Amino acid sequence: MSNSVRVRFAPSPTGFLHIGGLRTALYNYLYAKHHGGTFILRIEDTDQARFVEGAEEDIIRSLEWCGIEIDESPIHGGEAGPYRQSERKQRYMDAAMQLVEADVAYYAFDTAEEIETMRERLKASGNPSPSYDSITRQSMKNSLTLPSEEVQKRLETGEPYVIRLKVPRRESVQFTDIIRGIVTFETKGLDDQVLMKSDGMPTYHLANVVDDHDMGVTHVIRGEEWLSSAPKHMLLYQYLGWEPPTMAHLPLIMSPSGGKLSKRKAEQEGIPVNTRDYIDGHYEPQALVNFLAYLGWSPGDDSEIHSMDELVDLFSLEKVSKAGAVFNYKKLMWYNEHYLRNQADQALVQRLLELPETNSLTGVTAERLLALLPLLKERITRLDEFFEMGTFFFEDPQVYDEKGLAKAGEIASSMVEVLMQTLQAHPKDDLTPEEYKAWLHDTAEAQGVGMGKVMLPTRLAISGTGFGPDLTPSLALLGKETVLRRLQAALNHWSS
Ligand code: GLU
């Protein structure tokens, strides 16, 4: 394999792709593309109990939606495959055997109850967090304590076993993390990590190291929550005689109210947490990309808006911060608004035509949408708000906003009555926005009231609400017949 940059995004298919995972994928992608390298998607599916059907498809769909192009994956193929860990079982067993033969890993036959008994015993004697380690292994049932014939016999009779890493008692493990600098861990705090489970599957640690090596991964870019696993990985690289990849552990994503942005916290704060929520919610993919890029990184100036290509140009791991990055949903919406408004009307129309309202409302056509877009585009933050705010262009209002009515006051009905008369008497059928403005103005003047006294009742009558897009162009788009019908309906309704 060549020396060029190879990175991987290695999610476990245990559910929908979380936005934290998406940021990890994005940083890997930006780094790879910045260096003309390769972005690999590897599916870490060794934990059968947590496997979720459809999760892999969700991950791929989410990455594609964001414009993250995958070079190698279970479905894109590649020379380093297979890219699903469940399809690489033999390779992990071979590596585990290599470690056992080198006397840096061992078989352990202890049952869950025996391990629990050991823990209880140690807890009782004052050890608050006992683990299976360099001290306790000596009193357990494993290939270090049992005679070799007995080990052989147990293996031959098919007794369940795991393979554990023989973590040295007192050693320092040190590595350089691009984001965190020199990181040092003492092995005395590490347990003898299980590498192969009794079901013949590797644990994350072994599979991850073997694959990163076999797939020629040059840089491991992943969330901070994996930092504590890194010393175990470093030991594995050393024992397997392999060069470890360069490490970069990304800062945590924090909730605005403090603490890690967990699923529960996100829900409380109204932050959608899965990428598919953003897809289904009709957010702008470039907005999410731009926002996530800045969630822990910045190019070092005060620029904020960058396309994916620009981000690729600007990105560097050296500029990723160590400190947790707060998820500011308002900022995300600011990006969303920006990317929404900067899209060509024709493209937006195509997307609007795919929304369910296109079928549930009458008269939704490309032409009509195109005419309405200039009015609504500037007022919405998300595409699906178009129909929320613009329903009245397709349907007569059924209800009238109470607050708006209260604000319009007693005078509203009599104003609507006069407005109807003056509009009916208007010589033109096809009024321009300016002509509607003149009509409102003239009516207000004749009645000796301010513009507000005629505009609010008109708005309420045509849309049912007290706010919305500019009034006079809205009236022109609705047309005189509809406006008159709605004024009449409001009058009936309000005075009944
Ligand atoms: N499978 C791990 C995850 O779900 C991968 C961690 C890593 O990148 O090493 O995030």
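Scope of the values below: all heavy atoms of this structure, side chains included, with no hydrogens, waters or symmetry mates. Just so you know, these numbers come straight off a predicted model, no measurement behind them. Atoms within each ligand, like the ligands themselves, are counted from 1 in listed order.
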J.: Does Arg276 qualify as a cation-pi partner of Tyr278, given the criterion of NZ or CZ under 6.0 Å from the six-membered ring centre and within 45 degrees of its axis?
T.: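 Checked: cation-pi criterion not met.
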J.: What residue and atom, counting heavy atoms only, is the protein's closest point to atom 3 (C) of ligand 1, and at what distance?
T.: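 Among all protein heavy atoms, the one nearest atom 3 (C) of ligand 1 is Trp226 CZ2, 3.4 Å.
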J.: Measure from the side-chain N and O atoms of Arg180 to the backbone N and O of His249, and report whether any donor-acceptor pair falls under 3.5 Å.
T.: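 Yes.
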J.: Closer than 3.5 angstrom, by distance alone: can the side chain of Arg88 be matched with the main-chain N or O of Pro82 as a donor-acceptor pair?
T.: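 Indeed, once roles are kept as given, a pair shorter than 3.5 Å links the two residues.
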J.: Does the residue Arg8 have a heavy-atom contact with ligand 1, meaning some pair of atoms that are separated by less than 4.0 Å?
T.: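 It does, in that a heavy atom of Arg8 comes within the 4.0 Å cut-off of ligand 1.
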J.: To which protein heavy atom is atom 5 (C) of ligand 1 closest, and what is the distance rounded to 0.1 Å?
T.: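 Protein heavy atom with the smallest distance to atom 5 (C) of ligand 1: Ala10 O, 3.1 Å.
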J.: I'd like to know whether the aromatic ring centres of Phe39 and Tyr31 sit less than 6.0 Å apart in this structure.
T.: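 Centroid distance Phe39-Tyr31: not below 6.0 Å, so no.
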J.: Less than 4.0 angstrom from a charged side-chain N to a carboxylate O is my criterion; do Arg6 and Glu72 meet it?
T.: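 Yes, Arg6 and Glu72 are salt-bridged.
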J.: Starting from atom 1 (N) of ligand 1, locate the nearest protein heavy atom and write down its residue, its atom name and how far away it is, to 0.1 Å.
T.: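 Of every protein heavy atom, Glu44 OE1, 2.6 Å lies nearest to atom 1 (N) of ligand 1.
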J.: Ignoring hydrogens and geometry beyond distance, is a side-chain donor-acceptor pair present between Ser307 and Asp309 at under 3.5 Å?
T.: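 Side-chain D/A pair, Ser307 to Asp309: absent.
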J.: Is it the side chain (CB and beyond), the backbone, both or neither of Tyr204 that lies under 4.0 Å from ligand 1, heavy atoms counted?
T.: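 The side chain, only.
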J.: Under 4.0 Å from a heavy atom of Ser12: which atoms of ligand 1 are those, numbered in the order shown and with their elements?
T.: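 Those qualifying, in numeric order: 1 (N), 4 (O).
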J.: Under 4.0 Å from a heavy atom of Asn208: give me the atoms of ligand 1 that qualify, with their elements.
T.: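 Near Asn208, meaning under 4.0 Å from one of its heavy atoms, ligand 1 has 7 (C), 9 (O).
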